[in-house]
Amino acid sequence: MDQDALAELLSDTTDPSLIVQSQQNRPDSPLHNYSSVSVLSAPLHTQQQRLLSTLDDQSFLKLVNSYELSPHEKRSLLGHESDSEPQWESDGSHTPSTSRKSSSEPDHSASVPSSPETSTDNSDPSPGAPHIPVQNLNFGDYGQYFSDKKVLQQDRDAHIKKLYQDALNNGQPFPPVFKDCIIYINGRTDPDRLQLHQKIVLYGGQFMHFLSGKTSVTHIIASNLTAKKRVEFQKYKVVTPSWIVDSIAATKRLPWQDYALITGDHGQRKLDLNIARRSNSESAPQVKNSEDSVTTLDCKHPDFLQSFFAKSRLHHLSTWKADLRALFCQKYIEHGDVKSISENEKVAIFHVDFDCFFATVSALSDPRYKLYKDPLAVAHGTNSSEIASCNYVARSFGVKNGMWVRSARRLCPKLICMPYNFEQYEINSKLLYQILAGMQFFDMILPISIDEAICVKKVSSFPDHHDVEHQCEMVTSAIRQQVFDATNGCTVSIGCGPSLVSARLALKEAKPNGQCVVMNLTGQIQVDNFQAKFTLKDLPGIGSSIVDKICKELLPDASVTPTIGDLKAVSSLKSLTSILGTKTGRKLHMFLSGKDDEENSRILRDPLNFFARKSISVDINYAIRFDTIHEIDDFIDRVCQHLTSKIHELGLVTPQVTLKVMRRCEHAPIEPAKYLGSGECDTFSRSSRFGVPTDEMGLIATEIKSSFRMLACPSKDLRGLAVQLNKLEKKSARHEQRKFAFADQLPTLHKDAEASALRPNAFHSLPQTLKEDVRSELIKRHIQVPLSPSRNDATSTSPVKEYWDKFGKQRDTFKQEMPSSLDEDFMRNLPSQIQREIKRDHAIVKKTRSSVRKRDVNKEEAASKSWLNHRSTLTEVDKFQALERPRDIYNLIGTWIDQTISVGPHADDLDLFDRYLDRLASKWKSYKVLQIARAMSSRLEYHASFTAAEPRGRQEWEEYLLRRMIPKLHSSCSARSPQVQFEL
DNA sequence: GCTCTTTAGGAG
DNA sequence: CATCGCTCCTAAAGAGC
């Protein structure tokens, strides 16, 4: 048995693509059908090399040749179903973000086994050739891969476990010493992580390659921990590697406490660690702080988003909520027996809510804080920092959540600020939900937020129908006691009533640390009496703005806080709907009688639909300070990257995106009172649609950037930005087929030809790093290495000439002309603004033709002005250098690029070209500009593939493309909007 | 009339 | 030093036909 090979099999790999199935690889090994090459820490090119060396000659050549294929063909050749384009580059020139990730986060990785779905009959170009299901042969594409990684990893572990059992234990399973253990290994260990991983898997445990909020790890193996990790891992059982070794030796799981890396018993751990954290942070506070200020506060920093989110309470709230909802939906679907509540069903609603959750948890995590004596608050800073939560002592001084610390201190000078402890909040929340589920009492447990849940019990399902209220009291007490015990002192309050509204009001009554059951209110009078004392703001969905409206219209001389009783006395359904609109008016009217309105009770009637995700978005309205539009473009790219990787994980696509911009109010100061806050802003939003729902970052980002220009916010006045993906739907095969591959412009191969010969051009198309690997591989295989097409070599033709000789006649690169008809695929994949333009252009063609016949211009006086302008674009052909035919113009541009690739274009020529583009753009033909830009980009890419060196000319061309042409494209999109300003 | 977009508001 | 003002949903209002 080859232990090393197996250990390697079990290893982490930096890349998902490195498991290669090969029939002829070591047929005598137990792994003959499943040989793998995987490398943990070797540089990427070494991995590539190792990958290459595992292929037989034919597969190897096919793979190399395939580099020249279109992305689509590559996909089918490789049996690769992912919709993102395969990336071979390891130098990051085309995929900077992903390749950076691969090098900086080696832990976030695992090998992926070939899956049976790989190549299908019609996707295999040559059925006679050896099968090469090199799945996911895209070195940079992590998006798709991350979503399936966990499952695949587990499959692989299971597979390996079986191999081991067969090989070492006569097919018998090893003792399940680590059954139900989910184990993560941190840092350097002895034995090393490969061996530990192997042992864990063989002995019934589950191995986790990474820690994330969603994965529940039961144990962490570590030999030593940094101070930061020590804090990070405080919620886990952290043990030394000998726990694994000794447990296996004893063939039973030994008590982890004996091997705990962090000393102190389980119950005390929380406190001990906080003390440890304090002393640790004292040891090196400056270093940490200076790092923070560099990376977190600059919105131009690539990691800004992540570091901001890590500290944002609101982001955490939203994330938790979304996660809880997703979990609910998942469980709801799994257990099909969960019922919704029909309209007439009588229910008891239990509204469960932690008391000042953040403040309580933070206070309990450190013995210095006296929860019931000191005025406490959770906040980041000392002045304009917002109080996320404060305890009841602080509230007695008038301190409120959301208040700035400075103003709170005016009310309560002794107020103590505590830091956030997001991890602990999460843990306590889980405990609550576990307890609720563990009661086995409720018909439904609906997640409202991290600290709040609504439990539903049908009255008909109570054990004793006669004394429902008493049973509710009992359950309520039990929950409160259990949560208090489990969380070491967190209190929950519970309101219980026959409707969602009544339960909410009862909850309000119960707080703090109490319970209020109002199941026995008989008749409207009792309900009214109970409700009358609550304020309007206590009602769900009624905020200050609605209250203000009501006060203005119905209670002009009311007290500061009008109550339900006050309003009930003076309002009618009619008056409410006229003030607030139909739905809101009706909703409030229902509430006044203690009933849930239709929208509110959807959560009971159709919870799955209620909780299903319909949109996803990122909002950043803090620390946004940009100078140029390019910085904003980059930022938009990052935001879109974030979003698309999420929907990719979720398997969703979006047909509509919205950009929301917060712009500093004209009169607002440049820097507001709050440090890096947004200050007073106007908000604008703009949404746009895709012809076909998409999850592609490029399309989405382009659309958003375009929208940003439409909104015409000066870069320096931008204070907030949000990108939303709306109307999400499940991704289906349909969405794949519609793709229009702009990049797919290199000449394509005849599918069955030359499969076993190396085509020089393919070789030279390879990225430099890969080329070297292939070259050495070729030498090893005694295959002739193609000559380098050197520019200085007199005997060789110039690359440009070679290009034209070979492909010039085909004109594939510049073949894209204006679509003669509105080709669907072409249209659907264009940005929506450009779609509109093309449609408009075509509509004008039609109109012109018909109007030439009818000469019926009079009726459209209003439209005629602009309309006539458009018509002129049809009669007067756009010319560039006296050329008219699009093909000629494209060819001219191509030659121009070729001739100036080393020295760069002349400024005068660019000016002429600029003017031509402007003419196009001003005549509603920015799609032509787009096409030209695409063609130019692909030409430059072609040149880039020839040499490793960067000719200055190419850089200049790319600069032109990026800095002038693409903005031009956006600007032509927004030409209708007269106030648009551009910063180039 | 209708549909679609933008804006407002509320929740935790 | 500050400080971490998110993200989901629905409804109303407005625009355009």
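Here is how names work: the chains are called A, B, and so on, in the same order as the sequence lines, proteins then strands, and each is numbered from 1.
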Would you classify [X] as touching base, sugar-phosphate or nothing, given that sugar-phosphate means primed atoms plus P, OP1 and OP2, and contacts are heavy atoms under 4.0 Å?
X        : result
A:Thr582 : sugar-phosphate
A:Gly677 : base
A:His315 : sugar-phosphate
A:Thr319 : nothing
A:Phe610 : nothing
A:Gln656 : sugar-phosphate
A:Gly679 : base
A:Ser615 : sugar-phosphate
A:Ile450 : nothing
A:Ala612 : sugar-phosphate
A:Arg719 : nothing
A:Gly543 : sugar-phosphate
A:Leu324 : nothing

Spell out yes or no: do the side chain of [X] and the base of [N] have one donor N/O and one acceptor N/O closer than 3.5 Å?
X        : N      : result
A:Ser318 : B:dG12 : yes
A:Ser678 : C:dG5  : yes
A:Ser312 : C:dC4  : no

May I have the distance from [X] (atom [atom1]) to [N] (atom [atom2]), rounded to whole angstrom?
X        : N      : atom1 : atom2 : answer
A:Phe357 : B:dA11 : CZ    : C1'   : 17 Å
A:Leu314 : B:dA11 : CG    : C1'   : 11 Å
A:Leu718 : C:dG5  : CG    : P     : 18 Å
A:Asp596 : C:dT10 : CG    : P     : 17 Å
A:Met590 : C:dA11 : CE    : C1'   : 17 Å
A:Arg686 : C:dA15 : CZ    : P     : 16 Å
A:Phe611 : C:dC9  : CZ    : P     : 11 Å
A:Ile616 : C:dC6  : CD1   : P     : 16 Å

Under 4.0 Å between a side-chain N or O of [X] and OP1 or OP2 of [N]?
X        : N      : value
A:Gln724 : C:dC9  : no
A:Ser385 : C:dA2  : no
A:Arg602 : C:dT10 : yes
A:Ser384 : C:dT3  : yes
A:Thr382 : C:dT3  : yes
A:Arg313 : C:dC6  : no
A:Arg504 : B:dG12 : yes
A:Lys674 : C:dC4  : yes
A:Arg689 : B:dT5  : yes

[X] side chain, from C-beta outward: closest of [options]:
X        : options              : value
A:Tyr675 : B:dG12, C:dA2, B:dC4 : C:dA2
A:Lys583 : B:dT6, C:dC8, C:dA12 : C:dA12
A:Thr683 : B:dA8, B:dG12, C:dT7 : B:dA8
A:Asp451 : B:dG12, C:dC8, C:dC4 : B:dG12
A:Ser449 : B:dT6, B:dG12, C:dC4 : B:dG12
A:Phe308 : C:dG5, B:dG12, B:dT5 : C:dG5
A:Thr584 : C:dA12, C:dT7, C:dT3 : C:dA12

Any-strand Watson-Crick or G-U partner of B:dG9, both distances under 3.5 Å
C:dC9

Does [X] pair with [Y] as a salt bridge, N-O distance under 4.0 Å?
X        : Y        : value
A:Glu671 : A:Arg625 : yes
A:Lys646 : A:Glu649 : no
A:Asp355 : A:Lys511 : yes
A:Lys660 : A:Asp619 : yes

Starting from the C-alpha separation in whole Å, work towards a yes-or-no answer on salt bridge (charged side-chain N to carboxylate O under 4.0 Å, His left out) for A:Lys300 and A:Asp634.
CA-CA 8 Å; A:Lys300 299 166 191 172; A:Asp634 290 346; over 6 Å; no

Side-chain donor-acceptor pair present, [X], [Y], cut-off under 3.5 Å:
X        : Y        : answer
A:His667 : A:Glu680 : yes
A:Ser678 : A:Asn621 : no
A:Asn428 : A:Thr487 : no

Using the six-membered base ring of C:dG5, report whether A:Tyr622 stacks on it, requiring centroids under 5.5 Å and planes under 30° apart.
no

On the 0 to 90° scale, with breaks at 30° and 60°, tag the A:Phe358-A:Tyr420 ring pair as parallel, tilted or perpendicular.
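A:Phe358 vs A:Tyr420 ring planes: perpendicular.
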
Does A:Lys646 or A:Asp597 map to a spot on DNA chain C nearer the 5' end, using the closest nucleotide for each?
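The residue mapped nearer the 5' terminus is A:Lys646.
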
For A:Asn383 and for A:Leu580, locate the closest nucleotide of DNA chain C by heavy-atom distance; then report the residue assigned to the nucleotide nearer the 5' terminus.
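Between the two, 5'-proximity favours A:Asn383.
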
